[in-house]
Amino acid sequence: MAETRTYHEQTRIDQTLRLREVLKTLPDFAKDFFRAMEPRSSAKTRMNYAYDIRVFFHFLMDHNPVYKNYTIDQFVPADLERLEPVDIEEYMEYLKVYKRDSDQELMTNGEKGLARKMSALRSFYNYYYKHQIITKNPVLLVDMPKLHEKAIIRLDADEVALLLDFVESAGSKLTGQALAYYKKTRDRDLAILTLLLGTGIRVSECVGLDLTDVDFKNQGITVTRKGGNQMVVYFGDEVAKALRVYMEGDRKASAPLSGHENALFLSTQKKRMGVQAVENMVKKYAKQVTPYKKITPHKLRSTYGTSLYKETGDIYLVADVLGHKDVNTTKKHYAAIDEDRRRQAASAVKLRES
């Protein structure tokens, strides 16, 4: 009998296998860096770094005259220190808009994408420099991209109510196939949205939930956080009600495909829902309620975090519930932004006595 793996175990295996395939497309010496990263990073992080480092070497072969006749397997560590800071700056400029080698699709990077790719390159260089395999590190002499703070996009309290009300009653405006699909997915979608808004869990944590992770007695769910740590996140009565309706109704009546029997949230194909499916579902409903706000599952997490901070004023509690390892991450996102206080500030200063 085949061993049954959890969603997170299977995801780690799939990502590790994909990483091995990507490493075959990098210079042979790069494997040392990724092997050293393994104890302190997830397979997903290493895979993203591998893609980013591959872009760097392809840039050198396509745009640096010194390496125009190189193949990927010809690169050696000494090539890293042959580059000057200006070469790194040219690469940073290239990253803003470039064509992907595999399919010539036009790729663009904003501030966050640029910062991530440059962070990968800096880590790559630091490894060989720290281990004295190279004696020059031109990346250290280049200023990293500056990240500007962006206003947090979230749902206001009335918009949360409108969203949930809309999901409950949208069927009155639908006919035919659209109505049939809505009836099939309404309770599931309402359970997911209520859970995301009522607990602040990540979408990856949501789709990874199994039936056995839900504990109605203690009103908690066992989630697997980033890095693989498990934690019980507690939920209120509204979340409990939405989960019960779904689990005792549509979910109980479903016949999942083999390998998906334990999944809490199933797609219409009777498989465990994926991250993309939940993201599409959230966007579908949200644009009907707040067309001018680009709402994603992460924005629902921000909505929960902001509401919890406003209710409790306890930034450490917010950090713990959201699974932030560093409270400074939480402070940056929630404590610094308080729209109500800003609105109060507008009328606090009187220019003329009335």
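Small disclaimer: the values here were computed from a predicted structure and weren't measured.
Thr290 contributes no side-chain N or O that, together with a main-chain N or O of Tyr292, makes up a donor-acceptor pair within less than 3.5 Å. Ser41 places a side-chain N or O within 3.5 Å of a backbone atom of Met37 that can act as its donor or acceptor partner. Looking only at distances, no side-chain donor or acceptor of Glu311 sits under 3.5 Å from a matching main-chain atom of Leu308.
Applying the salt bridge (charged side-chain N to carboxylate O under 4.0 Å, His left out) rule to Lys24 yields the partners Glu21; only residues at least two apart in sequence or on another chain are considered. In this structure, Asp250 has no salt bridge (charged side-chain N to carboxylate O under 4.0 Å, His left out) partners at least two apart in sequence or on a different chain. Partners of Glu105 under the salt bridge (charged side-chain N to carboxylate O under 4.0 Å, His left out) rule, at least two apart in sequence or in another chain, are Arg100.
Across all their heavy atoms, Lys283 and Ile295 have their closest contact at CG-O, 3.5 Å. Contact between Tyr304 and Gly198 at its shortest, heavy atoms only, is CE1-O, 3.4 Å. Ala30 and Tyr128 make their closest contact through CA-OH, 3.3 Å (heavy atoms, listed as atom of the first residue, atom of the second, distance).
Salt-bridge annotation for Asp32 and Arg35: present, with a side-chain N of the basic residue lying under 4.0 Å from a carboxylate O of the acidic one. Checked for salt-bridge contact, Glu159 and Lys293 meet the test: a charged N lies under 4.0 Å from a carboxylate O.
Residues Val327 and Ile315 meet the side-chain proximity criterion, which asks for heavy atoms closer than 4.5 Å. Arg251 has its side chain within reach of Pro256: a pair of non-hydrogen atoms, C-beta onward, lies under 4.5 Å apart. Contact check for His324 versus Val318: no side-chain heavy atoms found under the 4.5 Å cut-off. You'll find the side chain of Ile192 reaches within 4.5 Å of the side chain of Arg188, heavy atoms only.
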Side-chain donor-acceptor pairs of residues 86-96 under 3.5 Å, sequence neighbours excluded:
unit_1 : atom_1 : unit_2 : atom_2 : d
Asp87  : OD2    : Glu84  : N      : 2.8
Glu93  : OE1    : Lys96  : NZ     : 3.4

Taking distance alone, no hydrogens or angles, what donor-acceptor pairs closer than 3.5 Å link side-chain atoms of residues 236-249 to residues at least two apart or in another chain?
unit_1 : atom_1 : unit_2 : atom_2 : d
Arg244 : NH1    : Glu248 : OE2    : 3.4
Tyr246 : OH     : Leu264 : O      : 2.8
Tyr246 : OH     : Leu266 : N      : 3.4

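With respect to Leu190, the side chain to side chain contact (heavy atoms under 4.5 Å, CB included) criterion is satisfied by exactly one of Leu195, Thr185, Leu163, Val167: Val167. Paired with Leu257 under the rule side chain to side chain contact (heavy atoms under 4.5 Å, CB included), one option of Lys271, Arg272, Gln269 passes, and it is Lys271.
Within the structure, every pair that satisfies the salt bridge (Lys or Arg N to Asp or Glu O under 4.0 Å) test and touches residues 108-126, not counting sequence neighbours, is listed here: Asp52-Arg116, Asp52-Lys117. The salt bridge (Lys or Arg N to Asp or Glu O under 4.0 Å) pairs that include a residue from residues 58-73 number zero, where partners must be two or more places apart or lie in different chains. Among residue pairs with one or both ends in residues 194-208, those qualifying as salt bridge (Lys or Arg N to Asp or Glu O under 4.0 Å) are Arg202-Glu205, Glu205-Arg225; sequence neighbours excluded. Listed by first and then second residue, the ring pair (Phe, Tyr, Trp, His ring centres under 6.0 Å) pairs involving residues 158-202 amount to none (not counting sequence neighbours). Here ring pair (Phe, Tyr, Trp, His ring centres under 6.0 Å) pairs that include residues 67-89, with residues two or more places apart or in two chains, are Phe57-Phe75, Tyr67-Tyr70, Tyr67-Phe75, Tyr70-Phe75.
Atom CD of Gln132 sits in a sparse spot, with 12 or fewer heavy atoms from other residues, nucleotides or ligands closer than 6.0 Å. For Lys99, the NZ atom is loosely surrounded, since the number of other residues' heavy atoms within 6.0 Å does not exceed 12.
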Practice item. Test Tyr98 against Asn109 for side chain to side chain contact (heavy atoms under 4.5 Å, CB included), laying out the working first. Key: CA-CA 9 Å; Tyr98 66 96; Asn109 282 291; 3.5 Å; yes

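Leu106 belongs to a hydrophobic cluster whose remaining members, ordered by chain and number, are Val97; membership requires side-chain heavy atoms of ILVMFWY residues under 4.5 Å apart, directly or through intermediates. By the 4.5 Å side-chain criterion applied to Ile, Leu, Val, Met, Phe, Trp and Tyr, Val232 is assigned to a cluster that also includes Tyr234.
Using cut-offs of 30° and 60° for the angle between ring planes, the Phe33 and Phe124 rings count as perpendicular.
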